[in-house]
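Data first, discussion second: the structure below is written as structure tokens.
Fair warning: this is a prediction, and the values are worked out from it, not measured in the lab.
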There are 2 protein chains.
Amino acid sequence: MHKATKKKVTIKDVARATDVHVSTVSRALSPNGRASLSAEVVTKIRAAADEMGYRPNRVAAGLRTSRTMSVGIVIPDITNTLFPPIVRGVESVLEGAGYASILVNTDNDAEREARLFDVLMERGVDGIIDAAVTNSDDKIVNMAASVPIVTANRLVEGSGIPAVINDDANGVRMMVQRLYDAGHRNIGLLAGPALLSTSIARRQAFEAAMHPLGLPANADVVAVSDNYTEDEGSRCAEYLLDKQPEVTALLCSNDRLAIGAIDALQGRGLSCPADVSITGFNDIPFLDLIPPGLTTVQILQFDLGRIAAEILLKRMTEPDARVPETTIMPVSIIERGSIAPPRNGRASTQS
Amino acid sequence: MHKATKKKVTIKDVARATDVHVSTVSRALSPNGRASLSAEVVTKIRAAADEMGYRPNRVAAGLRTSRTMSVGIVIPDITNTLFPPIVRGVESVLEGAGYASILVNTDNDAEREARLFDVLMERGVDGIIDAAVTNSDDKIVNMAASVPIVTANRLVEGSGIPAVINDDANGVRMMVQRLYDAGHRNIGLLAGPALLSTSIARRQAFEAAMHPLGLPANADVVAVSDNYTEDEGSRCAEYLLDKQPEVTALLCSNDRLAIGAIDALQGRGLSCPADVSITGFNDIPFLDLIPPGLTTVQILQFDLGRIAAEILLKRMTEPDARVPETTIMPVSIIERGSIAPPRNGRASTQS
DNA sequence: AGTTTTTATGCAAACGTTTGCCTTAAACCT
DNA sequence: AGGTTTAAGGCAAACGTTTGCATAAAAACT
């Protein structure tokens with residue numbers, strides 16, 4: 001029975017009440033049961049602690065043990081619906097293991113990110129899940145020397161930092177095939193920001209998938225966005241549609257670009273998929289409700305976070321354990337209504 | 001210039017390097033400039049600390065001062081798009097003031113919520129923003145005695161806990177008027193879960209708005225959901241449509257219920273707004289993209305969080321300062337396409 | 001010049017734990 | 001019965017800060 005206690009009761013109070021030394025209380029309350037305490041004194045202490053409403057002070061414990069039982073979760077922006085499920089996945093593992101999460105948003109600002117790392121380090125987090133890294137990120141590589149880090153959804157190339165990412169290559173390949181099968185021969189790519197690993201991987205995958213089909217995938221059919229936003233999707237779609245009017249399909253590096261592209265289409269009186277087919281990546285929440293229903297590559301957001309957290313947990317609890325450097329999560333195609341045969345009924349050929 | 005340091009450098013190291021006492025270092029580095037230090041020693045120490053890559057250990061400081069410079073943010077579910085903007089609003093204030101945020105999801109589970117409160121207290125948070133409270137919540141009232149709390153979006157009735165909420169009454173009133181003006185005389189309410197303050201306020205507002213118009217607002221035209229989810233919206237819409245076939249409009253207690261209601265409509269071959277007008281509440285992100293475009297009550301999510309944080313900050317820094325017990329944020333109607341005149345062209349009269 | 005005030009810094013305790021080591025007493029030997 | 005092991009729990013230091021108080025030196029009085 002916890003009494004509603006206003007003033008904090010410490011281990012010392014419990015010791016006094018049970019007439020033992022504080023160290024005995026500490027051991028009695030410690031989960032890793034110290035063998036050398038008699039069962040009766042343990043139960044007596046536990047009962048008293050409970051009765052008195054004792055709550056351990058993890059700040060003090062953290063100072064002594066330098067383990068705060070907290071982790072940092074670094075994401076670009078919590079309002080981007082891609083990330084909350086990942087965060088929940090992370091927490092599903094870490095919360096059960098007793099960790100609390102400090103969540104920070106970088107807004108894709110490197111300077112901000114660096115500052116936030118300091119914030120996390122000053123708080124002595126035991127580990128970090130980072131879903132906001134850029135493809136080459138000095139700061140995080142430095143940090144990785146002093147605290148376990150796992151990146152989620154993105155990776156830092158050649159850093160050796162464990163990463164859990166998606167099978168971008170396969171997702172893009174399958175999607176290109178879908179478009180090809182529908183008859184498209186002029187496919188454009190709305191690529192993501194140049195410095196993100198997802199953008200890079202998907203662009204490479206695009207080229208790798210187009211080539212065997214004898215389709216061009218050079219810079220002419222690619223528009224590189226500055227940001228994974230709807231606005232950038234619109235801008236890039238406009239750009240590409242102007243530059244390459246014969247394009248009949250746009251493969252977008254993520255859903256938000258795709259949404260923006262659809263909007264741009266409508267802006268010039270065209271429609272998706274009648275005039276231009278458009279595909280996305282991620283299958284973010286609510287996407288199914290937005291017309292015309294984007295055909296997209298579904299990633300396992302929650303599981304991605306979950307597995308990243310499992311790896312981090314392993315690194316935190318067994319520092320010497322070997323963990324996979326890169327874990328690739330499977331993806332699948334979700335067919336909705338944004339792919340149709342090319343306009344004017346024929347599969348146009350390029351050049 | 002921060003050297004890339006692997007091992008933690010403490011105040012003691014800086015003291016040794018600069019040949020002063022640790023207390024002097026502490027004072028030199030403290031932001032509230034201790035007047036009684038000579039400018040030169042301060043700069044010397046600051047320079048050395050910088051050079052050595054000193055990072056304060058907030059865990060240790062927290063133990064000493066019992067101020068951890070961290071706050072808890074309690075929400076039902078981060079994947080519910082209502083909450084991320086609120087969280088960003090909170091952080092926009094707190095981050096600037098040096099606070100880090102521990103974010104927890106209650107999943108609307110009271111037991112879970114209680115456990116998470118303990119998690120936060122054990123970590124010694126300096127304050128809590130709670131957007132997940134139920135209308136009567138013993139636990140939080142207890143907690144409020146030992147740590148500053150501000151509730152956001154919801155309130156705990158009669159608790160005296162400062163709350164920042166929306167002008168539910170006005171939002172519902174305006175919306176009822178819109179429906180009335182469109183010709184609706186049989187308006188149903190999809191109410192939110194009974195134990196949430198928002199549900200209660202909106203239901204009361206519904207009754208208060210309907211009465212002067214001479215329209216019925218009793219239990220017959222109300223369906224109470226168990227949860228603010230799309231599924232519950234569907235279920236309640238089905239229920240109400242069966243029970244009150246003459247209903248031509250459904251005012252929903254939030255957007256998610258409304259989305260579910262629209263889905264239910266389509267399930268039975270009806271459409272919104274042609275057959276039934278539907279309205280929402282909150283104007284959550286992406287709502288504008290979902291057909292037919294829900295006419296809804298827009299709340300200021302970000303500002304709600306921002307102001308809640310400002311109040312919390314005040315309570316944390318000046319414990320005796322008086323803060324407003326209830327702050328009501330203005331709302332506005334966003335007109336989209338989900339209201340039309342009642343079906344069959346006439347404004348049907350009830351009973 | 002002697003006294004008082006001010007300025008600049010050092011001293012040491014305290015915050016609440018955890019944990020390696022030590023002590024006591026009981027239990028076990030032969 | 002004397003010696004040795006084992007069990008149970010106490011002791012005290014340590015984690016890295018902050019801060020009230022003390023002190024020494026310098027500055028300002030009269």
Determine: side-chain N/O of A:Ser26 to OP1/OP2 of C:dG16, distance under 4.0 Å, yes or no. no
Atom CG of A:Leu29 and atom P of D:dG9 are separated, to the nearest Å, by 14 Å
Using whole Å, report how far CG of B:Leu37 lies from C1' of D:dA26. 16 Å
Determine whether a donor-acceptor pair (N or O, by modelled atom type, separation under 3.5 Å) exists between the side chain of B:Thr43 and the backbone of B:Ala39. yes
Select one nucleotide: of C:dT9, D:dC11, C:dG10, the one nearest the side-chain heavy atoms of A:His21. D:dC11
A:Asp118/A:Arg115 ion pair, N-O < 4.0 Å: no
Which protein N or O atoms sit under 3.5 Å from an N or O of nucleotides 13-15 of chain D?
| unit_1 | atom_1 | unit_2 | atom_2 | d |
| --- | --- | --- | --- | --- |
| D:dC15 | O2 | A:Arg64 | N | 3.2 |

Quick one: is D:dC11 close enough that its OP1 or OP2 comes under 4.0 Å of any side-chain N or O from A:Ser23? no
Would A:Asn108 and A:Thr106 count as having a side-chain donor-acceptor pair, cut-off 3.5 Å? no
Donor-acceptor pair (no angle test) under 3.5 Å: A:Arg27 side chain, D:dG10 base: yes
Using a strict 4.0 Å threshold on nitrogen-to-oxygen distance, state whether B:Arg306 and B:Asp303 make a salt bridge. yes
N-O pairing of B:Asp130 and B:Lys139 below 4.0 Å: no
Calculate the interatomic distance between B:Arg67 atom CZ and D:dG16 atom P; express it in whole Å. 23 Å
Short N-O contact, B:Asp107 and A:Arg88, less than 4.0 angstrom: yes
Once you round it to whole Å, what is the distance between P of C:dT19 and CD1 of A:Ile11? 11 Å
Using only atom types and a distance under 3.5 Å, with no angle test, would you say the side chain of A:Ser30 pairs donor to acceptor with the backbone of A:Arg27? no
Base, sugar-phosphate, or nothing: which does A:Val59 touch, judged by heavy atoms less than 4.0 Å apart? nothing
Toward the 5' end of DNA chain C, by each residue's nearest nucleotide, B:Thr24 or A:Ala61: B:Thr24
Check each residue of residues 119-127 of chain B for a non-hydrogen atom within less than 4.0 Å of any atom in DNA chain D, then write out the ones that pass by number, or none. none
Does a donor on one side chain sit under 3.5 Å from an acceptor on the other, for A:Tyr99 and A:Arg67? yes
How many whole angstroms separate atom NZ of A:Lys44 from atom C1' of D:dG9? 11 Å
Under the 3.5 angstrom rule, does the side chain of B:Asp126 hit a backbone N or O of B:Thr68 as a donor-acceptor pair? yes
